Amino acid sequence: MEMEKVYDSKKVEEKWVKYWIENKTFSSKPDKTKKSFTIVIPPPNVTGSLHMGHALNDSLQDAIIRFKKMQGYNTLWVPGTDHGGIATQNVVEKLLKKEGKTKYDLGREKFIEKMWQWRQETGDTILDQLKKLGCGLDWDRTRFTMDEACSKAVKRAFKKFYDKGLIYRGKRLVNWCPRCNTALSDIEVEYHPEKGNLWYIKYPIKDSNEFLTVATTRPETMIGDTAVAVNPNDERYKNIVGKTIILPLVGREIKVVADYIVDMQFGTGAVKVTPAHDAVDYEIARRHNLEILEVIDANGNMTDIMEKYKGMSAKDAREQIVADLQEQGYLLKTEDYSHSVGKCYRCGTTIEPIMSEQWFLKVEEMSKRASQVAKDEKVKFYPASWKKPYTLWLDNLRDWCISRQIWWGHRIPVFYCVDENGNKTSCPPIVEQDTPAKCPHCGNTHLVQDNDVLDTWFSSAMWPFSVFNWGENPDNEELKYYYPTGVLVTGHEILYLWVARMVQMGLEFLNDIPFRDVFIHGIVRDKHGLKMSKSKGNVINPLEIMDQFGTDALRFALAQSAAPGRDMQISNDSFLAARNFANKIWNASRFILMNKGELEISDTPQVKELSDKWILNEYNQTIKTVTRAFEVYDIDVASRTLYDFIWTKFCDWYIELSKIRMTSENVEEKKQVLSVLIYILKGTIKMLAPIMPFISDELWSIFNNTTESIVNSSFPVYDDKLVFANEANQMAVVQEIVSKIRNVRSEMNISPAAFITTKIKVLDESKLAVVENNQAYIKALGKIKDLVIGKDIQREKNSALTVATGFEMLIPLEGLIDIEKEKARINKEIKNIIAEQEKYNKKLSNPKFVEKAPAEEVARIRQKLADTQSKIATLEETLKNYEN
RNA sequence: GGGCAGUUAGCUCAGCUAGGGAGAGCAUCUCCCUUACAAGGAGGAGGUCGCAGGUUCAAUCCCUGCACUGCCCACCA
C-alpha cells in the first residue's frame, strides 16, 4: 500500500463516514451478556446548523462512546433533533414575513403544515453534519421530539402529572413576551442591565398634609397600585403602617402594609405595590390579600383601568403619566438609574410580567428528589463544582409555567366539552392521551382541545426515556436495558433549563436517575476570549475548519482544550497544530510501513534491547494515564498525553533509534524492531481512535489489512509486565549524554550533517556498562563516527568539553578551535550549573532540613550537590587550561 | 447581595487530590531539505507561578485574607 507523503484528510474521511454508516458500526441491540453504556445526544434544534459548540459537545460524546465501546461495553448513542418550540416557530414566521404574510394569514392548521414542511426540508442538515464529524450514532434510532413516540410520551407524562394533581391551571403572574405573544418560564428570561430612571413620587396620606414618597422604575404601573409597602422594622414608617393613601391621578384609596421583603436601604424604603406587573409585588399581595388590578395587557398596551390611558402603549403611557404627575405636583424628582431588565431568551424583547391564565407544574417534590440524588452522588458532576449550583437551584424552585401560546409544539392534551356555540359547558376538562370521541360526562361529541402547546423543554426533559418508547410501553426491554444512561454531556448554559428537569422527570416516571454522570464542558470562545456570535463576526465555522485542516484536527484541537467546566479560547493556530500532529502520526506510520515492506512481523513485540523496554514502559504508562483520563472525562488530559507520547517519545527517540536496526543487514534485527514499532503504533492509534477516529481507522486498516473498524478492537490495557524501571533510568542516562553532545554541536556551529569524534570519560563507574552497551544509540543520535569510552581519557585543548552527570565529554574540533567562543560556552554552562547548585546549597545549609526532611530526600539533594560540584570543577579546570 | 471559576514564558494553556527538579504548543533566535514527516529535525533565549499573610525543614501546589477578570443565581421598588 502506497501512503502519500502528506496526510490527505479529505480522501480518508469521506470513506470512513460512509463505512461506519453502511456497516452500522454503531448500531446497538440489547444484549444481556454485556453491560450497556448509553448516551442520548442533546438534541440540536431542527433548524440548526453545526457550530463550534455542537462540534465540541458531539466530538466529546463520540470520544466517550468510542472509548467505552473499545472497553467492551454495548454502547449506544442515540441521535435526534429537537422541535425547538418558539425558536423554530420564529424562524418560520420570519420566512413568512418575507412573503409579506403572518401566521394568522395561514391559520393554525396551515401554519403547522408549513412548519412540518420546513422541517422536512432542513431537518436533516445538522444530522448530516454530525455524520461528517464522524459521530458514532446509531442512525436507525434517529428521533425527533415531535415524532409519534415522543409525542406519546409527552401526553402520557401530562396525564400522569394531571391525575396526580401536579398540573393545574390558574391565573398567575407570568413572564410574557409581547413579541412572541406567549408566556415563558422563569428561566427563559434573561436579565440584562439597562439604563433607566428612578422616579420619586409623592403619595398623599389621607386626612393629613403629609406624603409618603415611593421610588419606582415603572411609573406607568402606578395606576394599578393596591398598596404601599414598608419594612416592619423601619422606624421612619412605624406609625404610617395601616394608614390610607390616596393614589395620585387615580384618587383610589390604598393601604400601607408592612412586609419584611422591603429593603429599608433602597430608595425611600417605601414601595408601591402593583401585584399584576411585578413578581415581588405579587408576593406581597398574596401575603396581604391585596386586590390585583391589571394595567397592561398581553399586547403591551394599557388596559381600560383608566379611560385616559386606555390603549396606549406602556411606553407612551409612562411618558404621559410622568407628565401628569409632574403637572399635578406629585413628582418629587427623577434620577438616572441602571437596573436589570428581563428579556425574552428567544427574541430579546423586554418581558412584561402580566396576569395570565396558564398551566403550571408543581415541582416541589420532584425538585427535592432531583436535588437529593446529586447530594448523594447518585448523579455525579464532572467537574464536581457544578453540584452546588445545581442543588441550590432545585432547592429554590418555583412552579413551572408549562403552557405556551404558540402553535409549534406538543398541544396540551386537554379537551373541553362545548356547546353548539363553542362555549365551554359545565363538564370538567378531559385529560386524555388519545383524543376522546365524546365527553365522558355528558356524552357530547363536541369537544375542543386546549389551544396552548407545552414548553419545548417539557418534551426535552423526557428525552432520555422517550427515545426508548416510554410513551408506548413503559416496561419495554430496551428501556430497561439502556436506561439509565451513562453520561450526559453538555455545556452549563442548559444545566437548569434541561439537565435538572431530566433528573426530575426521570425520577418521577421511571423512579430512577436518567444518567449516572453529568459531564459539563466549557464554551468555545475566540482567540480573544470572546463568545462567538454572528453579530461580532468572530464565528469560526467548524465545517470550514474540517475542510481546511481535517476533521480529526478539529476534533483533536477541541478535545485538547476541553478541560471539564472550563471555557476554551481557540484560533486557527490550534487547528494548525492539530493538523500537524495528524501528519506526524501519518508519517511515522508511513516510515514503519515502508520498512516493513513484505516482511512478516510478529504480533507480539520482540524485546531485544534497552530502547525496546524503555518505549514499552513509556507506552504502558501512557495506557494508564489515558485510560484513567477517559474514565473521568478528562479528554484534554488523554489528548495531551497521547500527543506527548507519540511525538516526543515514540517519534523523536524510539523511531530515530530504530533506524539503527532498520538499516542493518540482519533481517531478523529489522523484523525484531518492527515488531515493537508496530505493536506500539497499533496500541497507540487505538488509544487515539476515540479522539481522531478517521486517521486511526485508516491506519488500522492499512496495518492490519482489515476491513474491521478499530472501534471493534479492544482498548489497550495497562500491563504490570511492561514496567521497566531500570531501563527507564538507563535510557535517561543515554538521553542526557545525547542532549549534551547535541548542545555542543549546535553551540559550536558544527553542521548537523557532519560526523564527529567524541570521547566520553566515565567518572561514575556504575554507569560504564550503560554507555558501553548503548554506544550505537549515542553514535546514531549524536552523529558520531568515532566514539571512545574510557575511564582514563585526557582532556585535550582542541576539543570542546561538556559534562553530564557522571561523565565528561570531549569533542575534538576540526582545525583550530575558536578559544574565545569555547570559553564563553563553558562559562555559560558553568553559570547554569551554579544556579542549580545554589538551590541545593541553600537547602542543605538549613539544619532543619537535614534534621527533619526524609533521609532519602536529604541524600538525594546531597548527591545532586556533589554532581554539580564535580561538573563545575571539571569545567573550571578546562577554563583554566585555556588561560595558560 | 449570594455562589462558582480563573490569575504560571509575548499568546493559548498544563502542572497544583502524591508539597522537594517551572513545562508544552504557537510566536521568536541559530543551524539543518540528515530520504518518515520543512505541516519536519537539533539547539537557544524567554517566567520573583496576581498580592499579602499563615502552616511546613521545604509552597506555583495546602490554609486565610485581598485585588483583578469572567460566569451563574437573587425579592436591583
Side-chain angles (χ1 to χ4, degrees), chain A residues 3 5-7 187 191 193 198-199 214-218 229 259-263 266-274 278-281 283-284 337-341 383 385-386 388-389 392-393 396 492-493 495-496 522-523 525 527-529 549 553 560-561 563 565-571 573-574 576-595 636-637 640 643-644 647-648 651-652 655-656 659 739 742-747 749-755 781 783 828 836 839-840 842-843 846-854 857-858 860-861 864:
Chain A
M3 288 175 77
K5 198 170 167 181
V6 171
Y7 172 58
I187 29 173
Y191 290 87
L198 194 56
W199 286 273
V214 300
T216 181
T217 53
R218 303 207 54 192
D259 197 290
Y260 70 89
I261 208 164
V262 178
D263 179 359
F266 191 95
T268 60
V271 192
K272 64 187 261 325
V273 181
T274 322
D278 184 278
V280 180
D281 293 5
E283 262 187 53
I284 295 174
Y337 184 65
S338 179
H339 66 302
S340 285
V341 176
S385 55
W386 278 105
K388 196 174 172 184
L392 272 178
W393 186 78
N396 297 293
H492 56 73
E493 65 274 11
L495 180 65
Y496 308 134
I523 293 168
R525 296 171 178 278
K527 66 192 295 187
H528 307 291
F549 298 100
Q560 197 195 20
S561 317
R566 293 200 51 186
D567 289 355
M568 60 203 76
Q569 286 176 231
I570 231 147
S571 68
D573 285 349
S574 329
L576 193 70
R579 182 202 63 177
N580 294 352
F581 179 48
N583 195 48
K584 187 75 181 177
I585 300 161
W586 181 258
N587 274 290
S589 308
R590 191 162 72 95
F591 169 80
I592 294 167
L593 198 77
M594 277 166 58
N595 281 284
D636 59 322
V637 173
R640 275 194 302 270
Y643 182 97
D644 182 57
W647 205 310
T648 315
C651 292
D652 288 351
I655 287 187
E656 288 309 315
K659 286 178 182 172
S739 295
R742 283 170 165 175
N743 174 276
V744 171
R745 291 186 62 122
S746 191
E747 297 269 307
N749 289 340
I750 299 170
S751 160
F755 279 89
L781 298 186
K783 271 240 159 181
K828 186 174 142 194
E836 199 186 332
K839 282 187 292 191
Y840 304 137
K842 198 179 157 197
K843 281 202 164 190
N846 179 356
K848 284 183 176 171
F849 170 72
V850 182
E851 194 187 315
K852 293 197 172 179
E857 179 62 17
V858 178
R860 197 178 67 88
I861 298 296
K864 291 247 183 195

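What you see is a predicted model; the values in this text were computed from it and never measured. Just so we're on the same page: letters track the sequence lines, and every chain starts at 1.
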Assuming nearest nucleotide by heavy-atom distance, tell me which of A/Trp586 and A/Asp573 is located more 5' along RNA chain B.
A/Asp573

A/Lys852 side chain near B/G20 phosphate (N/O to OP1/OP2, under 4.0 Å):
no

So what does A/Ala753 touch, heavy atoms closer than 4.0 Å: a base, only the sugar-phosphate, or nothing?
nothing

So, are A/Glu747 and A/Lys828 salt-bridged, with charged N and O less than 4.0 Å apart?
yes

Taken to the nearest whole Å, CD1/A/Ile523 to P/B/A5 is 16 Å

For A/Val280, answer base if it contacts any base atom (sugar-phosphate contacts may also be present), sugar-phosphate if it contacts only those atoms, and nothing otherwise; contact means non-hydrogen atoms under 4.0 Å.
sugar-phosphate

Can you find a heavy atom in the side chain of A/Cys651 that is under 4.5 Å from one in the side chain of A/Lys584?
yes

CG of A/Asp263 versus P of B/A74: gap in Å, rounded?
18 Å

A/Phe266 and A/Tyr337 aromatic ring geometry - parallel, tilted or perpendicular at 30°/60° bounds:
perpendicular

For the P atoms, the ones on B/C51 and on B/U60, what distance do you get once it is rounded to whole angstrom?
11 Å

Would you tell me if any nitrogen or oxygen in the side chain of A/Lys388 comes within less than 4.0 Å of OP1 or OP2 on B/C4?
yes

A/Lys848 NZ to B/U56 P: how many Å, rounded?
9 Å

Starting from P on B/G3, measure out to CG on A/Leu392 and report it in whole angstrom.
10 Å

Classify A/Lys842 by what it touches in the nucleic acid, base, sugar-phosphate, or nothing, heavy-atom distance under 4.0 Å.
nothing

Using a 4.0 Å heavy-atom cut-off, does A/Ala229 contact any base of the nucleic acid, only the sugar-phosphate backbone, or nothing at all?
nothing

Let me know the distance between OH of A/Tyr7 and P of B/A38, rounded to the nearest Å.
17 Å

B/A18 to B/U12 separation - P atoms, rounded to the nearest Å:
28 Å

Using atom P of each nucleotide, how far apart are B/G21 and B/C49 to the nearest Å?
15 Å

Would you call A/Lys659 and A/Phe591 a side-chain contact if the rule is heavy atoms closer than 4.5 Å?
yes

Counting only Watson-Crick pairs (N1-N3 plus N6-O4 or O6-N4) and G-U wobbles (N1-O2, O6-N3), all under 3.5 Å, who is the partner of B/A45?
none

Return the pairing partner of B/G40 with a 3.5 Å limit on both distances, Watson-Crick or G-U wobble; otherwise return none.
B/C32

For A/Asn580 and B/G40, give me the distance from atom CG to atom P, rounded to whole Å.
4 Å

How would you label the contact of A/Val262 with the nucleic acid (heavy atoms, under 4.0 Å): base, sugar-phosphate, or nothing?
base

Quick one: label A/Pro854 by what it contacts on the DNA or RNA (base, sugar-phosphate, nothing), any heavy atom closer than 4.0 Å.
base

Nearest-Å distance for atom pair CG/C1', residues A/Asn743 and B/C32:
16 Å

Short side-chain N/O contact to B/C32 OP1/OP2 from A/Lys783, under 4.0 Å
no

How long is the gap from CD1 on A/Ile284 to OH on A/Tyr260, to the nearest 0.5 Å?
9.0 Å

Regarding A/Gln560, tell me which of base, sugar-phosphate or nothing describes its non-hydrogen contacts under 4.0 Å with the strands shown.
nothing

Looking at B/G21, I'd like to know if its phosphate oxygens (OP1 or OP2) sit under 4.0 Å from a side-chain N or O belonging to A/Arg860.
yes

Would you kindly compare A/Ser739 and A/Ser385 by the position of their nearest RNA chain B nucleotide and give the one closer to the 5′ end?
A/Ser385

If the cut-off is 4.0 Å, is A/Asn595 near the phosphate of B/A36, judged by side-chain N/O to OP1 or OP2?
no

Base partner of B/G21, which must satisfy Watson-Crick or wobble distances under 3.5 Å:
none

Can you find a donor-acceptor pair, distance only, under 3.5 Å between A/Lys584 side chain and B/C37 base?
yes

No-H, no-angle donor-acceptor pair, A/Glu656 side chain to B/A36 base, under 3.5 Å:
yes

Can you tell me the Watson-Crick or wobble partner of B/A52, both distances under 3.5 angstrom?
B/U64

Pairing of A/Arg640 and A/Asp636 as salt bridge, 4.0 angstrom limit
yes

Does OP1 or OP2 of B/C37 have a side-chain N or O of A/Lys5 closer than 4.0 Å?
yes

The nucleotide from B/G21, B/A77, B/U30 with an atom nearest the side chain of A/Asn749 is B/U30

Hey, does A/Phe581 reach any base, or is it just sugar-phosphate, or nothing, if we go heavy atoms under 4.0 Å?
nothing

For A/Glu857, answer base if it contacts any base atom (sugar-phosphate contacts may also be present), sugar-phosphate if it contacts only those atoms, and nothing otherwise; contact means non-hydrogen atoms under 4.0 Å.
base

For the pair A/Arg860 and A/Glu857, find out whether any cationic side-chain nitrogen is under 4.0 Å from an anionic carboxylate oxygen.
yes

Counting only side-chain N and O atoms of A/Trp647, is one of them less than 4.0 Å from OP1 or OP2 of B/G41?
yes

With no angle test and no hydrogens, is the base of B/A5 tied to the side chain of A/Arg566 by a donor-acceptor pair under 3.5 Å?
no

For B/U69, the Watson-Crick or wobble partner whose two distances fall under 3.5 Å:
B/A5

